[in-house]
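For reference, the structure discussed in these notes is given below.
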Amino acid sequence: MDTASIEVGAAPTRVWDLVTDIAGYHRFSPENTGGHWTGGEPVTVGATFTGRNRHGLVRWTTHCTVVDVVAGQRFSFQSDEPKARWTYLVEPTETGSRITETREIYATPAWYVRMVQRSTLIGSDRDALMQAGMRETLAKMKAHLER
């Protein structure tokens, strides 16, 4: 499991709105280029969305399902193809909030995902790339929230 955290000078409600904004997530992520809700009530368990991503010349779409929501505190979804569960935890602090992002591989990824991951098309060390991406995402969120 990969985890990254950052403290931000913003109220938990502002952070919550940011981490659950699927359409706007591309502003912070080094790979995500957008997303949209495809089924169910957004930000509720069972809701579905697609995310568009790119790394260099490689582009792909993921199909995701929200699997856990504690309003204002925890938002978790599973991405079908890579079998990754992403969780955002929002905790109040004395000066604002702490955001923790977690990525956990919960099953064997689809065969075509494994093939691409073994190639160097999306990086030679995918796990290290994902960890660095999580830190970059949180740093960009912090900068945005503290403007």
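Throughout, numbering of the chain's residues begins at 1 and tracks the sequence.
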Does any part of the side chain of [Y], heavy atoms only, come nearer than 4.5 Å to the side chain of [X], both counted from C-beta?
X	Y	answer
Ile99	Leu145	yes
Val66	Thr44	no
Leu89	Arg98	no
Thr108	Lys83	no
Phe28	Asp21	no
Leu138	Met141	yes
Glu31	Met130	yes
Thr50	His36	yes

Test item: [X] side-chain N/O and [Y] main-chain N/O as donor-acceptor pair under 3.5 Å:
X	Y	answer
Lys142	Glu7	yes
Arg14	Ala11	no
Asp2	Thr102	no
Arg54	Pro30	yes
Glu81	His63	yes
Ser79	Ala84	no
Thr38	Thr48	yes

### Message
Can you classify the ring geometry of Tyr25 versus Tyr88 as parallel (below 30°), tilted (30 to 60°) or perpendicular (above 60°)?
### Response
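Tyr25 and Tyr88: perpendicular rings.
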Roughly how far, to the nearest 0.5 Å, is the [atom2] atom of [Y] from the [atom1] atom of [X]?
X	Y	atom1	atom2	result
Glu104	Gln78	CD	CD	9.0 Å
Arg59	Arg52	CZ	CZ	10.0 Å
Arg103	Met134	CZ	CE	7.5 Å
Leu129	Glu136	CG	CD	9.5 Å
His26	Asn32	NE2	CG	8.0 Å

### Task
Using the rule that two of Ile, Leu, Val, Met, Phe, Trp, Tyr join whenever any of their side-chain heavy atoms come within less than 4.5 Å, decide whether Val45 and Val19 are in one cluster.
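Same hydrophobic cluster.
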### Task
Flag yes if Ile22 and Val67 sit in one hydrophobic cluster, no otherwise; membership is Ile, Leu, Val, Met, Phe, Trp, Tyr, and two members link when side-chain heavy atoms are under 4.5 Å apart.
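No: no chain of side-chain contacts under 4.5 Å links Ile22 to Val67.
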### Task
Quick one: do Asn53 and Thr62 satisfy side chain to side chain contact (heavy atoms under 4.5 Å, CB included)? Show the steps, please.
CA-CA 8 Å; Asn53 304 281; Thr62 56; 3.8 Å; yes
Closest heavy-atom contact between [X] and [Y]?
X	Y	result
Ala47	Trp37	CB-CZ3, 3.8 Å
Pro12	Ser97	N-OG, 3.0 Å
Arg135	Ala4	CG-CB, 4.1 Å
His55	Trp60	N-CZ3, 3.6 Å

### Task
Please determine which of Val15, Thr93, Val90, Thr95 meets the side-chain contact (heavy atoms from CB on, under 4.5 Å) test together with Val8.
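So the option named by the test is Val15.
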### Message
Working note: Thr87 + Met1, criterion side chain to side chain contact (heavy atoms under 4.5 Å, CB included); need CA distance, chi angles, decisive distance, verdict.
### Response
CA-CA 11 Å; Thr87 300; Met1 181 178 342; over 6 Å; no
